[in-house]
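Worksheet for the structure shown next.
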There are 2 protein chains.
Amino acid sequence: MSEMQLRDALDSLKGTGVRITPQRHAILEYLVGSMTHPTADDIYKALEGKFPNMSVATVYNNLRVFREVGLVKELTYGDSSSRFDFVTTDHYHAICQNCGKIVDFHYPGLDEVEHLASHVTGFKVNNHRMEVYGTCQDCSAVKEAH
Amino acid sequence: MSEMQLRDALDSLKGTGVRITPQRHAILEYLVGSMTHPTADDIYKALEGKFPNMSVATVYNNLRVFREVGLVKELTYGDSSSRFDFVTTDHYHAICQNCGKIVDFHYPGLDEVEHLASHVTGFKVNNHRMEVYGTCQDCSAVKEAH
DNA sequence: ACACTATTTATAAAGATTATAAAATAATAC
DNA sequence: GTATTATTTTATAATCTTTATAAATAGTGT
């Protein structure tokens, strides 16, 4: 299934006139396959084997390109570096404050919030973002055990 | 009214054994008075007049202290630097993607999301964050006029 | 006023991201 | 298929935000 996501993404890139280089292919492939919301550095390190000469700038440049085209979302949490998330269907994130793990979950109906916010603030609202923070099961277990 | 907020904040600090220095007083005062969710640098520059010798580190250190005590929230949006928000009552933010303006709004009932997320992901959820993004009235007006 | 400890300052260091210019490479026209 | 052109990659340096460090200073309790 992620096969198809990748192919769709590449098609979508072609459609906007962005060249498909081996590096771009690899970065996209990694993003689609990864469930971990990696940082730019994660991606850089992961592809070091395949592309020993690839520059960090290439990773950043292409993540920006993907973001501008709408294939990728940039997530900025409290920690120092951004995380990048391949955009599939709308979902939200639960973030472990102990180990940093990020788990997806779905929730319908938050469009309502957009409407209210728009009404109250006078904004034209395009989209929203939301996360929940807490402790994941693994970390909870460790604390119990102690 | 912000007078009272400031006094409460100072009392709350004293209660936790944190010393009240002139710099801390000034930073808190600025945060309480400001409706603009300033960056550390904004605060630093704003207090330059009163404290010509103040170090940037002081601003960062104290913002961390305030955050740890719960007086201040750190907001990380897409841009390069964090913004700091004096915690009053729970509210959310509408962010203008054109000019960066941040407007507060209230919305009840998102605790429901925490429950569902907890159920689905197995997390112990402590809190959540949410924002809406769009175009503020001023920026919309400018676009229309053009 | 004295002693003790937290805090500030000045400075340097770290880390993430962006800018720049030259070299390499993909798409396009022929 | 080759030449051309514009894009992209690489390598490197620069920038910017934030944190670490150590000496100087200032609050607080006695």
Side-chain angles (χ1 to χ4, degrees), chain A residues 10-30 37-69 71-85 100, chain B residues 10-30 37-69 71-85 100:
Chain A
L10 292 172
D11 285 353
S12 151
L13 271 187
K14 247 182 214 159
T16 59
V18 174
R19 288 185 185 170
I20 293 160
T21 65
Q23 293 90 337
R24 283 184 178 154
H25 189 113
I27 294 173
L28 265 184
E29 193 175 18
Y30 182 77
H37 311 80
T39 64
D41 198 56
D42 291 337
I43 299 171
Y44 177 60
K45 292 221 175 81
L47 301 181
E48 217 164 34
K50 260 190 211 166
F51 299 89
N53 297 329
M54 186 166 65
S55 163
V56 230
T58 300
V59 176
Y60 279 101
N61 285 340
N62 289 331
L63 287 172
R64 181 175 49 223
V65 169
F66 297 157
R67 173 162 47 88
E68 286 168 356
V69 172
L71 283 177
V72 161
K73 252 192 192 158
E74 183 171 357
L75 313 172
T76 57
Y77 302 130
D79 52 355
S80 48
S81 38
S82 288
R83 293 160 183 288
F84 295 88
D85 192 15
Chain B
L10 291 171
D11 286 353
S12 150
L13 270 187
K14 249 184 212 156
T16 59
V18 173
R19 289 185 183 166
I20 293 160
T21 65
Q23 294 89 339
R24 283 186 178 152
H25 189 111
I27 294 173
L28 265 184
E29 194 175 18
Y30 183 77
H37 312 80
T39 65
D41 198 56
D42 290 339
I43 300 171
Y44 177 61
K45 292 222 176 82
L47 301 181
E48 218 164 34
K50 262 191 210 164
F51 299 89
N53 296 329
M54 186 167 64
S55 163
V56 230
T58 299
V59 177
Y60 279 101
N61 285 340
N62 290 330
L63 287 171
R64 183 175 48 222
V65 169
F66 298 156
R67 173 160 47 88
E68 285 167 357
V69 173
L71 284 177
V72 160
K73 251 192 193 158
E74 182 172 357
L75 313 171
T76 56
Y77 301 131
D79 50 357
S80 48
S81 37
S82 288
R83 291 159 183 289
F84 296 88
D85 192 14

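We use all heavy atoms of the structure for the numbers below, so side chains are in, but hydrogens, waters and symmetry mates are not. Note that the structure is predicted; figures quoted are calculated from it, not measured.
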- Task: Any chance you could measure A/Thr21, atom OG1, to A/Ile27, atom CD1, to the nearest 0.5 Å?
- Result: 7.0 Å
- Item | Heavy-atom closest pair, residues B/Val65 and B/Val18 | CG1-CG1, 4.0 Å
- Task: Round to the nearest Å and state the distance from B/Arg64 atom CZ to C/dA6 atom P.
- Result: 15 Å
- Query: Rounded to whole angstrom units, what separation is found between the CG atom of A/Leu10 and the P atom of C/dA27?
  - Reply: 12 Å
- D/dT17 P sits how many Å from B/Glu74 CD, rounded? 14 Å
- Look at A/Ser82 and C/dT17 and indicate whether a side-chain polar atom (N or O) is within less than 4.0 Å of OP1 or OP2. yes
- Expressed in angstrom and rounded to an integer, what is the separation of A/Leu13 atom CG from C/dA26 atom P? 15 Å
- Query: Does B/Ala57 have any side-chain contact (heavy atoms from CB on, under 4.5 Å) partners at least two apart in sequence or in another chain, and if so, which?
  - Reply: B/Ser55, B/Asn61
Could you list all N or O pairs between the protein and nucleotides 28-30 of chain C that sit under 3.5 Å apart?
none

- Gap between atoms OH and P, on B/Tyr44 and D/dT18 respectively (whole Å): 14 Å
- Inter-end axis angle, the helix from C/dA1-D/dT30 to C/dC30-D/dG1, with every axis fitted to five base pairs (rounded, 10 degrees): 40°
- What are the residues of residues 46-59 of chain A, sorted by number, that bring a heavy atom to within less than 4.0 Å of DNA chain D? A/Asn53, A/Met54, A/Ser55, A/Ala57, A/Thr58
- Does A/Asn62 offer a backbone N or O that forms a donor-acceptor pair with the side chain of A/Arg24 under 3.5 Å? no
- Note on the structure: Sorted by chain and residue number, the salt bridge (charged side-chain N to carboxylate O under 4.0 Å, His left out) partners of B/Lys14 (sequence neighbours excluded) come out as none
- Query: Taking OP1 and OP2 of D/dT19, is either one under 4.0 Å from a side-chain nitrogen or oxygen of B/Tyr60?
  - Reply: no
- Query: Tell me: CG of A/Asn61 to C1' of C/dA19, nearest whole Å?
  - Reply: 10 Å
- Message: Can you pull out every salt bridge (charged side-chain N to carboxylate O under 4.0 Å, His left out) where at least one residue sits in residues 51-68 of chain A? Sequence neighbours excluded, please.
- Response: A/Arg67-A/Glu74
- Message: According to salt bridge (charged side-chain N to carboxylate O under 4.0 Å, His left out), does anything in residues 48-61 of chain B pair up with another residue at least two apart or in another chain? List the pairs.
- Response: B/Glu29-B/Lys50
- Of all heavy-atom pairs between A/Tyr30 and A/Ala46, which one has the smallest distance, and what is that distance? CE1-CB, 3.5 Å
- Message: Applying a 4.0 Å non-hydrogen cut-off, can you work out what B/Thr39 is touching in the nucleic acid: base, sugar-phosphate, or nothing?
- Response: nothing
- Those residues that, when tested against A/Ala40, pass side-chain contact (heavy atoms from CB on, under 4.5 Å) (two or more places apart): A/Val59, A/Tyr60, A/Leu63, A/Phe84
- Task: Please check the phosphate of D/dT9 (OP1 and OP2 only) for any side-chain N or O of A/Asn62 closer than 4.0 Å.
- Result: yes
- Check salt bridge (charged side-chain N to carboxylate O under 4.0 Å, His left out) between A/Lys73 and all other residues, then give those that pass, not counting sequence neighbours. none
- Message: If the condition is salt bridge (charged side-chain N to carboxylate O under 4.0 Å, His left out), which residues does A/Arg83 pass it with, not counting sequence neighbours?
- Response: A/Asp79
- Item | Beyond-backbone contact of A/Ser12 with A/Leu71, side-chain heavy atoms, under 4.5 angstrom | yes
- For B/Thr39, what residues pass the side chain to side chain donor-acceptor pair (under 3.5 Å) criterion, not counting sequence neighbours? B/Asp42
- Item | Protein-nucleotide distance (A/His25, atom NE2; D/dT7, atom P), rounded to Å | 23 Å
- Rounded to whole Å, CG of A/Asp79 lies from P of D/dT18 at a distance of 13 Å
- Note on the structure: With sugar-phosphate taken as primed atoms, P, OP1 and OP2 and all else as base, the protein-contact string of nucleotides 25-30 of chain D at under 4.0 Å (heavy atoms; B, S, -) is --BS--
